[in-house]
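A short worksheet on the structure shown next.
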Amino acid sequence: MRLNQKFYQKDAVQTAKDLLGKIIVRKYYGKTIKVKIVETEAYCGAEDKASHAYNNKKTKRTAPMFKEGGHSYIYLIYGMYYCFNVVTASENNPHAVLIRAVEPLTGIKQIKENRQIKSSRTEDLTNGPGKLSQALKINKSLDGCSLVENSSLYIIDGSAENFEINSSPRVNIDYAEEYKDKKWRFFIKNNKYISKS
DNA sequence: TTGTCGATTAGCT
DNA sequence: GCTAATCGACAAC
């Protein structure tokens, strides 16, 4: 079942943990790809120095972060990769969860078409934020859309499997001073699709 | 209008 | 471990 509005109305840290094990559904040209979320990072409100929305900085790029929980926030990084975030909490309270890695479930043929990599390892297809966006054909046209209403990108419940959640400091945010050591990166323990050990 | 640089990745040493 | 690739958002002028 699709996750409802209420699921996203929590702070980013709580939602980041709750999103582990959930399924992202991506549809285009009549094709469907499903992947399981195995790694996330929380970016938490105006106080978080690692966040693009630190100090309530609202710009053209960060505007979706100020929407109500349940919208997407997608931006271009390093001129070549997109990062996919899920906006959480309430309107004008800029929380977001970066999806860092997923495990392919269905549509692996489509994913391989989108990725075009030399490596034959399935693990290399989606084990990083830029990789999974490429794999799912996620781009600016989906920026700011509602994951509760949109029919080509949304998130559903996972299976009732049990797993253990690990946490660690977030990746590549050395500039964030006292916030860089916060353990706001969450991942499923022992899953081989996470981006780094 | 211009210059800087990033919540990354792949390929090479 | 190191670094090029490649773009638009952002801030300074």
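So that the names make sense, note that chain A is the first sequence line, chain B the second, and so on, each numbered from 1. Remember, predicted model here, so these are calculated numbers, not experimental data.
Here B:dC5 presents its P atom at 16 Å from CG of A:D174, a figure rounded to the nearest Å. Remark: C1' of B:dA10 and CZ of A:R121 are 13 Å apart, rounded to the nearest angstrom. Rounding to whole angstrom units, CD1 of residue A:I74 and P of B:dT8 are separated by 16 Å.
With A:S133 contributing its side chain and A:P129 its backbone, the two residues share a donor-acceptor pair below 3.5 Å. For A:R115 (side chain) and A:L125 (main-chain N/O), a donor-acceptor pair under 3.5 Å exists by modelled atom type. A donor-acceptor pair under 3.5 Å is absent between the side-chain atoms of A:T62 and the main chain of A:A53, judged by distance alone. A:T40 places no side-chain N or O within donor-acceptor distance of the main-chain N or O of A:L98, the cut-off being under 3.5 Å. Here the side chain of A:E41 pairs a donor or acceptor atom with the backbone of A:V171 at under 3.5 angstrom. At least one donor-acceptor pair closer than 3.5 Å links the side chain of A:R2 to the backbone N or O of A:L147. The closest donor-acceptor contact from the side chain of A:N4 to the backbone of A:F7 lies under 3.5 Å. Counting only distance, with no hydrogens or angles, the side chain of A:Q110 and the backbone of A:K31 share no donor-acceptor pair below 3.5 Å. A donor-acceptor pair under 3.5 Å is absent between the side-chain atoms of A:T15 and the main chain of A:Y8, judged by distance alone.
Within 6.0 Å of the NZ atom in A:K58, the count of heavy atoms belonging to other residues, nucleotides or ligands exceeds 12. The number of heavy-atom neighbours closer than 6.0 Å to NZ of A:K49, taken from other residues, nucleotides and ligands shown, is above 12.
Secondary-structure stems of DNA chain B, taken as three or more successive Watson-Crick or G-U wobble pairs (i with j, i+1 with j-1) under a 3.5 Å distance threshold, comprise B:1-6 with C:7-12, B:8-12 with C:1-5.
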Listed pairs, N/O of protein and of nucleotides 1-4 of chain B, under 3.5 Å:
none

Dump every N/O contact between nucleotides 11-13 of chain B and the protein below 3.5 Å, one line per pair.
none

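Contacts between residues 63-73 of chain A and DNA chain C, defined by a heavy-atom separation below 4.0 Å, involve no residue at all. For DNA chain B, the residues of residues 129-137 of chain A within the heavy-atom distance limit of 4.0 Å (strictly under) are A:P129, A:G130, A:K131, sorted by number.
Scanning both residues, A:D143 and A:P64, for their nearest heavy atoms gives OD1-CG, 3.6 Å.
Between A:Y175 and B:dG6 there is no side-chain N or O to OP1 or OP2 distance below 4.0 Å. The shortest distance between the side-chain N/O atoms of A:N172 and the OP1/OP2 oxygens of B:dG6 is not below 4.0 Å.
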Under 3.5 Å, which donor-acceptor pairs do the side chains of residues 81-94 of chain A form with other protein atoms, sequence neighbours left out?
residue, atom, partner, partner atom, Å
A:N85, ND2, A:Y73, O, 3.2
A:T88, OG1, A:K10, O, 3.0
A:T88, OG1, A:A12, N, 3.4

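When each of A:I173 and A:R115 is assigned the nucleotide of DNA chain B with its nearest heavy atom, A:I173 is the one assigned upstream, toward the 5' end.
Rounded to whole Å, the C1' atom of B:dA10 lies 22 Å from the corresponding atom of C:dG8. Nucleotides C:dT6 and B:dT2, compared at atom P, are 23 Å apart to the nearest Å.
Within the nucleic acid shown, A:R100 comes within 4.0 Å of sugar-phosphate atoms alone, with no base atom in reach, counting heavy atoms only.
When the side-chain contact (heavy atoms from CB on, under 4.5 Å) test is applied to A:V13, the partners found at least two apart in sequence or on another chain are A:D11, A:K17, A:A42, A:C44, A:W184, A:F186. Residues passing the side-chain contact (heavy atoms from CB on, under 4.5 Å) test with A:K189 are A:E164, A:N166, sequence neighbours excluded.
Residue A:D48 is tested with A:R170, A:H95, A:K182 for a side chain to side chain donor-acceptor pair (under 3.5 Å); the sole match is A:R170.
A ring-ring contact (aromatic ring centres under 6.0 Å, His included) check over residues 46-70 of chain A, counting only residues at least two apart or in different chains, returns the pairs A:H52-A:Y75. Pairs of residues two or more places apart, or lying in two chains, never qualify as ring-ring contact (aromatic ring centres under 6.0 Å, His included) while including a residue from residues 26-50 of chain A. Counting only residues at least two apart or in different chains, ring-ring contact (aromatic ring centres under 6.0 Å, His included) contacts with residues 138-177 of chain A are absent.
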Mark up nucleotides 1-13 of chain C, 5' to 3', with B wherever a protein heavy atom is under 4.0 angstrom from a base atom, S wherever such an atom reaches only the sugar-phosphate, and - elsewhere. ----BBB-SSS--
